[in-house]
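Worksheet: the structure to be examined is printed underneath.
Note on naming: letters A, B, ... go to the chains in the order of the sequence lines (proteins, then strands), and numbering restarts at 1 for each one.
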Protein chains: 2
Amino acid sequence: MAETARRRPRADALRNRERLLAEADAVFRAEGTGASLEGVARRAGVATGTLYGHFPTRAALIAALLEARNRELFEYGDGLAEHPDPARALADWIRAVVRHAAAYQGLAAALAARSGELQDSCHRLTAIGERLVDRARAAGALRGDTTGADVFTLMNAAAWAREHDTPAQADRLLDLALAGMIAR
Amino acid sequence: MAETARRRPRADALRNRERLLAEADAVFRAEGTGASLEGVARRAGVATGTLYGHFPTRAALIAALLEARNRELFEYGDGLAEHPDPARALADWIRAVVRHAAAYQGLAAALAARSGELQDSCHRLTAIGERLVDRARAAGALRGDTTGADVFTLMNAAAWAREHDTPAQADRLLDLALAGMIAR
DNA sequence: CCTCGAAACCGAGGATGCCTCATTTTAACG
DNA sequence: CGTTAAAATGAGGCATCCTCGGTTTCGAGG
């Protein structure tokens, strides 16, 4: 039934995809995730239709850019589940995600919006946070009834603050919330 | 020297200004502060040039919309300086501002950006926060070395969270941070 | 090689929004 | 009623988004 005889992907398609990702990364770093997609296409030496062919939405483009970085992050988060100090593990996780979300200005908003292609990342982030929270609670390291969702909200808010105040200022906010979350 | 013989303001100008403010309020409530200004002008039955004549920038329009509301808020904040429980006063202040910033989606970002015509409000907000923080510290009600700037950052972050998660979720974040900030 | 079909690319163009400015209208004043 | 200056107008230049019909190009099979 199912014809599994797939064609080899075209070389130009692969090349263009790479160029688009490279330029998008540069542009987003410089101007944030709201930057002009036409500009990205132009810089990549490609027509706008080509860009939209590869990445139907802005969220799809962002998601593709994050893929490699995400793999690393998730691995780190999974590793933290073995960490001897559950409270420390949770705090480290949150800090790592906040740093991660600082890659592009506007990324925090995109994540918080859970837009289309980014939903998977959000779920994964929440799941890992949840696991670490549960472990921390089991160890009696939590003050209140914090949940995985709380952790996700906190991460986003802290990442957002980083884009508007200084990183140092945002870190103070994060420390405040962590102090309220973690016992002792 | 100075010619003080000012002309009376024109009736149509006043009328249009009011209509613009009314429609802008409605549109911003529905779509956030990023809504189309052309749409606002259209709904107000006025040409776009007229809108820009009254409010040269988006921030100016937002600032005008906030004016009345702000007066009330600042008065409340000033009143809190007499409150018998300084810790409670600080927490109440923060919660009030967060509620205030929930008027339009996008307002938190506009405030955090301290864009042009909104700067005054920001300074005022920070000043009031600073006063309440100082009083709370003097009463030994603060855990760390929290500053007025920390309070401003927290307010904005909490307000922003409200726009992306549920209000309940944002309140949990706020409670977390307050727990980290206020002793006992 | 060469041919063919599908996949990818192209870029004009409609839609929307921002903001300006030369021109026209109109309210206030005498 | 004029006069006059403030205010309103709305076309138009520019940027961006996204789509779609037509064209090119790659890869596979002969």
Side-chain angles (χ1 to χ4, degrees), chain A residues 2-24 26-28 30-64 104-106 109-110 113 115-117, chain B residues 2-24 26-28 30-64 104-106 109-110 113 115-117:
Chain A
E3 271 315 330
T4 46
R6 316 265 335 201
R7 237 171 196 223
R8 184 152 120 240
R10 277 172 57 161
D12 56 346
L14 260 47
R15 196 172 358 132
N16 284 336
R17 190 188 148 86
E18 288 316 306
R19 294 212 51 174
L20 281 168
L21 284 173
E23 295 302 330
V27 172
F28 283 1
E31 305 171 35
T33 57
S36 160
L37 297 186
E38 290 198 330
V40 170
R42 203 176 321 124
R43 286 183 49 155
V46 140
T48 68
T50 302
L51 184 154
Y52 286 101
H54 284 283
F55 309 104
T57 67
R58 190 180 293 269
L61 177 53
I62 298 174
Y104 314 120
Q105 185 226 80
S115 8
E117 291 83 347
Chain B
E3 272 314 327
T4 46
R6 316 262 336 202
R7 223 162 210 232
R8 186 153 118 237
R10 276 172 57 161
D12 56 346
L14 260 47
R15 192 169 1 113
N16 283 336
R17 190 188 148 86
E18 287 317 305
R19 293 212 53 174
L20 281 168
L21 284 172
E23 294 303 329
V27 172
F28 284 0
E31 304 171 36
T33 58
S36 160
L37 296 187
E38 290 201 329
V40 170
R42 204 177 319 125
R43 286 184 47 156
V46 139
T48 68
T50 301
L51 185 154
Y52 285 102
H54 283 283
F55 310 104
T57 68
R58 189 179 293 269
L61 178 53
I62 299 174
Y104 313 120
Q105 185 224 80
S115 8
E117 291 84 346

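Here the closest heavy-atom approach between residue A/Ala44 and residue A/Leu20 is recorded as CB-CD2, 3.8 Å. Shortest non-hydrogen contact noted between B/Ala110 and B/Ile62 is CB-CD1, 4.4 Å. Looking at every heavy atom in both residues, B/Thr33 comes nearest to B/Arg58 through O-NH1, 2.7 Å.
Comparing A/Arg42 and B/Arg7 by the nucleotide of DNA chain D whose heavy atom lies nearest to each, the residue mapping closer to the 5' end is B/Arg7. If you find the closest nucleotide of DNA chain C to B/Arg58 and to A/Gly45, the one lying nearer the 5' end belongs to A/Gly45. Residue-to-nucleotide proximity on DNA chain C shows that, of B/Pro9 and A/His54, the 5′-proximal contact is made by A/His54.
Listed by chain and number, the residues in a salt bridge (Lys or Arg N to Asp or Glu O under 4.0 Å) with A/Arg15 amount to none (sequence neighbours excluded). B/Arg10 meets the side-chain contact (heavy atoms from CB on, under 4.5 Å) test with B/Asp12, B/Ala13; sequence neighbours excluded. Annotation: side-chain contact (heavy atoms from CB on, under 4.5 Å) contacts of B/Glu31 (sequence neighbours excluded): B/Val27, B/Ala35. By the side-chain contact (heavy atoms from CB on, under 4.5 Å) test, B/Thr57 is found to be paired with B/Ala59, B/Ala60, B/Glu117, residues two or more places apart in sequence or in another chain being considered. By the salt bridge (Lys or Arg N to Asp or Glu O under 4.0 Å) test, B/Arg43 pairs with B/Glu23, sequence neighbours left out.
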N/O donor to acceptor pairs below 3.5 angstrom from side-chain atoms of residues 47-55 of chain B, sequence neighbours left out:
none

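Contacts of B/Gly53 with the nucleic acid, taken as non-hydrogen atoms under 4.0 Å apart, are absent. Counting non-hydrogen atoms under 4.0 angstrom, B/Pro56 reaches nothing in the nucleic acid.
Boundaries of the chain A contact region on DNA chain D are D/dT16 to D/dA28, first to last in 5' to 3' order (nucleotide atom under 4.0 Å from a heavy atom). Contact footprint of chain B on DNA chain C: nucleotides with an atom under 4.0 Å from a non-hydrogen protein atom, first to last in 5' to 3' order, C/dG17 to C/dC29.
At a non-hydrogen distance threshold of 4.0 Å, nothing from residues 32-39 of chain A comes into contact with DNA chain C. For residues 10-20 of chain B, proximity to DNA chain C is found at B/Arg10, B/Ala11, B/Asp12, defined as any non-hydrogen atom under 4.0 angstrom from a strand atom.
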